[in-house]
Amino acid sequence: QAQLTESGGGLVQAGDSLRLSCAATGRTFSSYAMGWFRQAPGLEREFVTAISRSGTNTGYADSVRGRFTISRDNAKNTVYLQMNSLKPEDTAVYYCASKVTSYSDGVYYQGYRYNDWGQGTQVTVSS
């Protein structure tokens with residue numbers, strides 16, 4: 001079981017950038033596929049991006065592709081979400097999630113596939 005802690009959220013203007021971090025406990029971080037999800041007020045949680053255990057494979061929601069980049073540093077037990085060209089519609093609480101994998105180096109798009117979740121970090125983009 002991983003404990004995940006997000007950081008880096010804040011209030012920015014449209015067009016600005018932010019980098020979120022998600023630090024994980026445990027010595028098996030390299031066996032976790034990781035994902036970022038977000039939830040805006042009154043809306044359901046939605047997939048943002050995911051990365052495989054090795055970092056080789058990534059996946060993105062259409063709404064963020066080309067603007068957001070996920071990466072990971074397995075030596076630091078941390079996954080990052082670089083968000084550029086932010087829009088007001090990106091305003092949400094952002095959550096990172098981890099999924100234990102045995103051998104697969106795949107990415108996972110559905111929230112139910114993930115085992116553990118962080119507490120979230122608020123991102124607010126003003127127009």
Side-chain angles (χ1 to χ4, degrees):
Q1 183 176 4
Q3 290 187 321
L4 307 174
T5 305
E6 302 96 336
S7 62
L11 171 63
V12 297
Q13 293 186 330
D16 286 350
S17 298
L18 273 178
R19 188 176 81 154
L20 306 183
S21 299
C22 173
T25 61
R27 293 179 289 179
T28 59
F29 181 72
S30 60
S31 69
Y32 298 149
M34 301 295 294
W36 286 96
F37 293 76
R38 66 187 182 186
Q39 186 168 21
L43 299 179
E44 293 185 353
R45 182 181 64 196
E46 65 174 357
F47 169 79
V48 177
T49 181
I51 191 166
S52 65
R53 55 188 286 173
S54 72
T56 299
N57 301 306
T58 58
Y60 295 91
D62 289 342
S63 59
V64 306
R65 186 176 290 112
R67 299 188 298 121
F68 291 10
T69 303
I70 190 171
S71 62
R72 66 188 296 160
D73 185 337
N74 285 349
K76 295 183 178 179
N77 283 15
T78 302
V79 63
Y80 303 98
L81 178 59
Q82 178 66 44
M83 304 186 294
N84 298 331
S85 302
L86 282 161
K87 304 175 180 180
E89 51 263 44
D90 294 319
T91 295
V93 177
Y94 284 70
Y95 300 91
C96 69
S98 65
K99 172 180 170 51
V100 176
T101 63
S102 297
Y103 301 102
S104 171
D105 200 32
V107 296
Y108 301 88
Y109 296 86
Q110 297 88 6
Y112 72 86
R113 291 180 172 269
Y114 288 84
N115 305 110
D116 296 297
W117 295 79
Q119 294 298 307
T121 185
Q122 176 70 47
V123 172
T124 303
V125 184
S126 64
S127 57

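Side chains are part of it too, since the values below use all heavy atoms of this structure and drop only hydrogens, waters and symmetry mates.
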With the side chain counted from C-beta on, respond yes when [X] and [Y] share a heavy-atom pair under 4.5 Å apart, and no when they do not.
{"X": "Tyr95", "Y": "Gln39", "result": "yes"}
{"X": "Leu20", "Y": "Met83", "result": "yes"}
{"X": "Leu4", "Y": "Met34", "result": "yes"}
{"X": "Thr69", "Y": "Tyr80", "result": "no"}
{"X": "Ile51", "Y": "Asn57", "result": "no"}
{"X": "Gln122", "Y": "Tyr94", "result": "no"}
{"X": "Arg53", "Y": "Ser30", "result": "no"}

| request: Report, as yes or no, whether the 6.0 Å neighbourhood of atom CD on Gln119 holds more than 12 heavy atoms from other residues, nucleotides or ligands. | output: no
| said: If you count heavy atoms of other groups shown closer than 6.0 angstrom to CD of Glu44, is the number above 12? | reply: no
For the backbone of [Y] and the side chain of [X], can you confirm whether one donor and one acceptor N or O come within less than 3.5 Å of each other?
{"X": "Asp73", "Y": "Thr78", "result": "no"}
{"X": "Ser104", "Y": "Thr101", "result": "no"}
{"X": "Thr49", "Y": "Trp36", "result": "no"}

Has [X] got its NZ or CZ under 6.0 Å from the middle of the six-membered ring of [Y], at an angle within 45 degrees of the ring axis?
{"X": "Arg72", "Y": "Phe29", "value": "yes"}
{"X": "Lys99", "Y": "Tyr108", "value": "yes"}
{"X": "Arg45", "Y": "Phe37", "value": "yes"}

In Å and rounded to the nearest 0.5 Å, what is the [atom1] to [atom2] distance from [X] to [Y]?
{"X": "Ser52", "Y": "Tyr32", "atom1": "OG", "atom2": "OH", "answer": "15.5 Å"}
{"X": "Ser98", "Y": "Asn77", "atom1": "OG", "atom2": "CG", "answer": "11.0 Å"}
{"X": "Leu11", "Y": "Leu18", "atom1": "CG", "atom2": "CG", "answer": "9.0 Å"}

| Should Phe47 and Val107 be counted in the same cluster of Ile, Leu, Val, Met, Phe, Trp and Tyr side chains packed under 4.5 Å apart? | yes
| Within one Ile-Leu-Val-Met-Phe-Trp-Tyr cluster: Tyr114 and Tyr109, side-chain cutoff 4.5 Å | yes
| message | Set out, in order, the CA-CA distance, both residues' side-chain angles and the distance that settles side-chain contact (heavy atoms from CB on, under 4.5 Å) for Val64 and Arg38, then state yes or no. | response | CA-CA 12 Å; Val64 306; Arg38 66 187 182 186; 4.0 Å; yes
| query | With the threshold set at 4.0 Å, does a side-chain nitrogen-carboxylate oxygen contact exist between Lys87 and Asp90? | reply | no
| field | Derivation of the side-chain contact (heavy atoms from CB on, under 4.5 Å) call for Val12 and Thr124 | value | CA-CA 6 Å; Val12 297; Thr124 303; over 6 Å; no
| said: Suppose the criterion is side chain to side chain donor-acceptor pair (under 3.5 Å): which pairs have a residue in residues 5-18, not counting sequence neighbours? | reply: Ser17-Asn84
| said: Could you check whether Asp105 and Ser54, counting side-chain N and O atoms only, form a donor-acceptor pair closer than 3.5 Å? | reply: yes
